[in-house]
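Input: a single structure, listed below in structure tokens.
Numbering of ligands and ligand atoms starts at 1, following listing order.
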Amino acid sequence: MPLRQAIRALPQNNTRKGRQRLTRRAVVVGTGHYLPERVVENAEFEKTLDTSDEWIRARSGIERRHFATEGDTTSSMATAAAEAALKDAKLTADDIDAIVLATSTADLTFPSAATMVQAQLGMTRGFAFDVQAVCAGFVYALCNANALIASGQADRVLVIGAETFSRIMDWTDRSTCVLFGDGAGALILEAQTGKGSNADRGILSTDLNSDGRYKDLLYVDGGVSTQSTGHLRMQGNQVFRHAVEKLAKTATTALDRAGLAAQDVDWIVPHQANIRIIQGTAKKMGLSMDNVVVTVQDHGNTSAASIPLALSVGKERGQIKPGDLIVTEAIGGGLAWGAVVLRW
Ligand code: UT7
């Protein structure tokens with residue numbers, strides 16, 4: 001039976017004793033990423049701002065970041081990451097049913113960056129859409145893609161996180177512009193049969209949260225209906241206060257939903273905003289930094305791109321291996337936060 005037909009024949013989710021028992025699992029079969037060529041070291045900012053390499057490293061763990069050059073857009077970087085993921089999975093765009101792209105910095109107000117990627121990949125079937133949950137965007141996108149696969153709506157989903165945050169920086173604001181970077185990462189999720197236990201490969205559980213009362217802690221002071229592009233504004237220390245507690249809680253909730261505990265985790269692959277948040281979350285979960293994939297030193301905070309970038313780099317480094325239990329977690333503007341537990 002051809003692969004596509006075999007996948008279509010997979011059973012859909014069923015419910016037993018009131019608990020959802022997944023039998024269609026969304027399994028990662030390919031990863032890829034793209035980073036723009038321009039690398040900016042912390043010391044560059046010393047030329048124009050009252051800041052230092054020492055302050056940036058000590059407070060955030062960031063050493064350098066990539067910035068988009070003139071020709072780079074969110075969709076062009078997303079397409080490059082997607083092509084790398086397709087190559088890794090030995091698939092072509094024709095094998096993909098849906099594209100879910102997490103971004104807060106789409107090329108245009110509309111159409112979605114996802115449909116632009118669809119066209120750039122030469123994909124003329126299926127469907128594509130963007131998800132906007134700022135730094136938590138990739139976790140939200142994974143949850144959406146998992147639901148599409150679990151429900152039988154799609155058999156293979158390209159899930160991308162791509163951002164050009166350099167376009168919304170206020171270069172005079174030292175408290176934000178030294179923190180962010182640009183890039184894109186992509187995963188391909190494929191429907192495969194699982195036994196419904198947490199030993200299955202694929203996405204095992206998810207947890208999503210948001211609380212709009214915290215809008216003013218992290219936002220862009222412009223948008224279509226206010227007729228400007230705007231710049232990113234952040235009360236960093238306030239976001240920091242929420243981060244460790246909410247991230248450890250969402251990760252633990254997601255693990256609990258899968259019948260797992262922190263001790264079962266091989267890798268935390270966190271949103272890469274600040275090494276102190278990453279360390280604090282691991283500590284709160286009772287895990288060592290040896291169990292954490294860290295890329296913040298080289299990428300800075302790439303918002304929705306940071307988790308797929310870290311997954312792709314973690315795989316390339318030989319850290320993440322088939323069968324490993326992974327928990328990803330992220331928090332950002334909204335506030336919006338969440339976690340996904342998956343077996344690689
Ligand atoms: O990805 C979305 C979610 N975002 C995050 O998770 C970011 C969370 N927040 C953070 O990562 C940290 O809060 C920051 C890295 C943004 C800041 O670190 P902090 O330890 O919370 O510092 P702070 O904001 O409390 O500022 C401490 C001092 C201030 O000076 P005073 O008021 O103590 O005199 C700032 O003005 O550091 C000053 N400062 C800087 N100094 C040198 C702020 N930015 C800089 C800078 N260089 N770039």
Counting only heavy atoms closer than 4.0 Å, does ligand 1 sit against the backbone of [X], its side chain, both, or neither?
X    : result
A243 : neither
L49  : neither
V178 : side chain

Closest approach of any protein heavy atom to [atom], naming residue and atom:
atom                    : answer
atom 12 (C) of ligand 1 : N274 ND2, 3.7 Å
atom 39 (N) of ligand 1 : W55 CZ2, 3.4 Å
atom 2 (C) of ligand 1  : C135 SG, 3.1 Å
atom 30 (O) of ligand 1 : R174 NH2, 4.4 Å
atom 16 (C) of ligand 1 : L179 CD1, 3.6 Å
atom 8 (C) of ligand 1  : G236 O, 3.5 Å
atom 18 (O) of ligand 1 : R276 NH2, 3.4 Å
atom 21 (O) of ligand 1 : N237 CB, 3.5 Å

Worksheet item: Out of curiosity, does V327 fall in the hydrophobic cluster containing V296 (side-chain heavy atoms, cut-off under 4.5 Å, transitive links)?
Response: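 Linked within one cluster.
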
Fill in: Hydrophobic cluster membership, L101 vs I188, 4.5 Å side-chain cutoff
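In one cluster with L101: I188, yes.
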
Mind listing the closest non-hydrogen atom pair of [X] and [Y] along with its distance?
X    : Y    : result
G32  : A84  : CA-CB, 3.7 Å
V131 : A141 : CG1-N, 4.2 Å
I307 : A330 : CD1-CB, 3.8 Å

Is there a heavy atom of [X] sitting under 4.0 angstrom from any atom of ligand 1?
X    : value
Q238 : no
I56  : no
M234 : yes

Less than 4.0 Å between a side-chain N and a carboxylate O, is that true for [Y] and [X]?
X    : Y    : result
D182 : R65  : no
R233 : D170 : yes
R257 : D207 : yes
R57  : E54  : no

Any protein heavy atom lying closer than 4.0 Å to [atom]?
atom                    : value
atom 42 (C) of ligand 1 : yes
atom 32 (O) of ligand 1 : no
atom 36 (O) of ligand 1 : yes

Per-atom contacts, ligand 1 versus [X] - under 4.0 Å to a heavy atom:
X    : result
I277 : 6 (O), 8 (C)
H271 : 1 (O), 2 (C)
L218 : 2 (C), 3 (C)
N301 : 1 (O), 2 (C)
A273 : 1 (O), 5 (C), 6 (O)
V239 : 3 (C), 4 (N), 5 (C), 6 (O)

Practice prompt. Taking D324 for its side chain and K321 for its backbone only, find out whether a donor-acceptor pair lies under 3.5 Å.
Written response: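 Yes; at least one donor-acceptor contact below 3.5 Å.
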
Fill in: Partner residues of S288 under the side-chain contact (heavy atoms from CB on, under 4.5 Å) criterion, sequence neighbours left out
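S288 satisfies side-chain contact (heavy atoms from CB on, under 4.5 Å) with D290, N291 only.
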
Worksheet entry | Residues that T229 engages under side-chain contact (heavy atoms from CB on, under 4.5 Å), provided they are two or more places apart |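 Residues passing side-chain contact (heavy atoms from CB on, under 4.5 Å) with T229: I168.
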
Worksheet item: Looking at V293, V313, V292, V294, which one forms a side chain to side chain contact (heavy atoms under 4.5 Å, CB included) with Q319?
Response: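 Going through V293, V313, V292, V294 one by one, the side chain to side chain contact (heavy atoms under 4.5 Å, CB included) with Q319 is satisfied by V293 alone.
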
Worksheet item: Quick one: which of L49, D53, I62, N301 gives a side chain to side chain contact (heavy atoms under 4.5 Å, CB included) with V178?
Response: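 Passing option: L49.
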
Worksheet entry | ligand 1 to S60 polar contact by distance, N or O atoms, under 3.5 Å |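 Among all N and O atoms of S60, none is under 3.5 Å from an N or O of ligand 1.
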
Discussion item. Quick check: R59 and ligand 1, any N/O pair under 3.5 Å apart?
Written reply: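 The answer is yes, given that R59 and ligand 1 share an N or O pair closer than 3.5 Å.
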
Item to complete: Could you tell me whether F67 and W171 have their ring centroids closer than 6.0 angstrom?
Response: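 Judged by ring-centre distance (under 6.0 Å), F67 and W171 do meet the cut-off.
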
